[in-house]
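Everything below concerns the one structure shown next.
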Amino acid sequence: KAGVTQTPRYLIKTRGQQVTLSCSPISGHRSVSWYQQTPGQGLQFLFEYFSETQRNKGNFPGRFSGRQFSNSRSEMNVSTLELGDSALYLCASSLDAPRGEQYFGPGTRLTVT
Amino acid sequence: TQLLEQSPQFLSIQEGENLTVYCNSSSVFSSLQWYRQEPGEGPVLLVTVVTGGEVKKLKRLTFQFGDARKDSSLHITAAQPGDTGLYLCAAITGTASKLTFGTGTRLQVTL
């Protein structure tokens with residue numbers, strides 16, 4: 001079956017703008033988690049959605065938000081972009097995270113200039 | 001302070017050598033996972049260890065969960081260039097029940 005897909009793969013934005021990233025999970029998976037990966041901080045948990053509800057949230061400011069649709073597809077939004085938001089944003093789907101196996105997408109590389 | 005500390009941070013070895021990567025914490029975990037991430041891709045789950053003292057083998061990779069369930073190690077025998085990548089340990093943490101990743105070990109295996 002098809003893996004996790006993320007769009008776009010690469011994105012360049014300027015400070016102050018906002019951005020929306022999309023994630024399509026593996027068919028049948030109801031849990032979608034988002035992570036931010038940077039060289040300095042490593043892989044950090046942003047939030048997890050299950051059946052359209054945010055179930056867990058990491059320690060990120062309110063500029064980072066997300067949602068999940070009835071077909072389990074998820075989007076995350078970052079408003080008022082800062083240079084420090086430049087990172088690889090990874091989405092992972094699971095039957096039921098975090099205990100179930102998580103399958104990661106290839107990520108969206110966001111560069112903020 | 002990172003919850004899961006991995007060592008070493010970087011490792012560059014030649015094909016055929018053996019190596020061990022460590023994942024340490026002061027916390028006790030119910031389970032621990034190991035992932036490998038290759039450039040341009042997301043992490044891929046290699047193994048989940050659940051029982052203290054457990055040893056799991058995946059071809060040339062051997063994973064061990066510490067008796068006290070606070071640490072884990074990954075041993076690779078006769079490394080190959082295809083083993084190159086970022087190795088991450090991860091554990092479910094706290095009441096928030098989220099997956100927390102370690103600091104990572106970047107491995108490069110050259111011919």
Side-chain angles (χ1 to χ4, degrees), chain A residues 2-10 21 23-26 29 31-50 53-60 64 66 74 87-110, chain B residues 1-11 21-25 27-51 56 58 63 65 69 85-108:
Chain A
V4 178
T5 57
Q6 292 187 246
T7 56
R9 291 293 309 275
Y10 303 92
L21 311 182
C23 172
S24 292
I26 291 172
H29 285 190
S31 170
V32 173
S33 300
W34 288 89
Y35 297 83
Q36 181 196 65
Q37 187 173 31
T38 60
Q41 297 299 317
L43 229 161
Q44 294 189 291
F45 173 79
L46 280 157
F47 29 66
E48 184 230 346
Y49 286 86
F50 184 85
T53 301
Q54 186 181 88
R55 197 161 61 167
N56 286 304
K57 191 178 190 306
N59 298 321
F60 279 82
F64 292 81
S74 178
L88 180 67
Y89 289 88
L90 291 160
C91 158
S93 81
S94 169
L95 285 171
D96 189 5
R99 303 186 186 280
E101 179 174 352
Q102 294 201 42
Y103 296 82
F104 283 83
T108 294
R109 171 76 61 188
L110 172 64
Chain B
T1 304
Q2 291 279 0
L3 186 62
L4 288 166
E5 294 281 352
Q6 289 186 238
S7 62
Q9 272 190 295
F10 302 97
L11 199 50
V21 174
Y22 299 93
C23 174
N24 293 297
S25 175
S27 301
V28 176
F29 301 113
S30 57
S31 65
L32 193 139
Q33 300 176 340
W34 283 94
Y35 291 79
R36 179 171 69 214
Q37 183 178 18
E38 298 183 22
E41 299 181 12
V44 175
L45 179 66
L46 297 173
V47 78
T48 301
V49 286
V50 178
T51 307
K56 279 192 174 179
L58 187 67
F63 304 85
F65 201 12
R69 290 185 287 124
L86 177 67
Y87 288 82
L88 296 156
C89 63
I92 297 168
T93 56
T95 55
S97 199
K98 64 183 184 185
L99 196 60
T100 298
F101 282 83
T103 49
T105 293
R106 194 166 294 279
L107 171 66
Q108 182 169 18

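Just so it is clear: chains get the letters A, B, ... in the order the sequence lines come, proteins before strands, and each one is counted from 1.
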Quiz item: What residues, two or more places apart in sequence or in another chain, satisfy ring pair (Phe, Tyr, Trp, His ring centres under 6.0 Å) together with A:Y103?
Solution: A:H29
Quiz item: Is it the backbone or the side chain of A:R109 that comes under 4.5 Å from a heavy atom of chain B, or both, or neither?
Solution: neither
Self-check item: Under 4.5 Å from any heavy atom of chain B - which part of A:Q6
Solution: neither
Self-check item: B:T103 side chain to B:Q6 backbone, donor-acceptor under 3.5 Å
Solution: yes
Quiz prompt | Heavy-atom contact with chain B under 4.5 Å, split by part of A:L43 | solution = both
Quiz item: Which one of B:P43, B:G104, B:G42 has the most heavy-atom pairs closer than 4.5 Å to chain A?
Solution: B:P43
Practice problem: List in chain and number order the residues that pass side-chain contact (heavy atoms from CB on, under 4.5 Å) with B:T48, two or more places apart in sequence or in another chain; answer none if no residue qualifies. | Solution: B:S31, B:Q33, B:L45, B:V50
Exercise. With rounding to the nearest 0.5 Å, note down the distance linking CZ in B:R36 to CG in B:L86.
Key: 11.0 Å
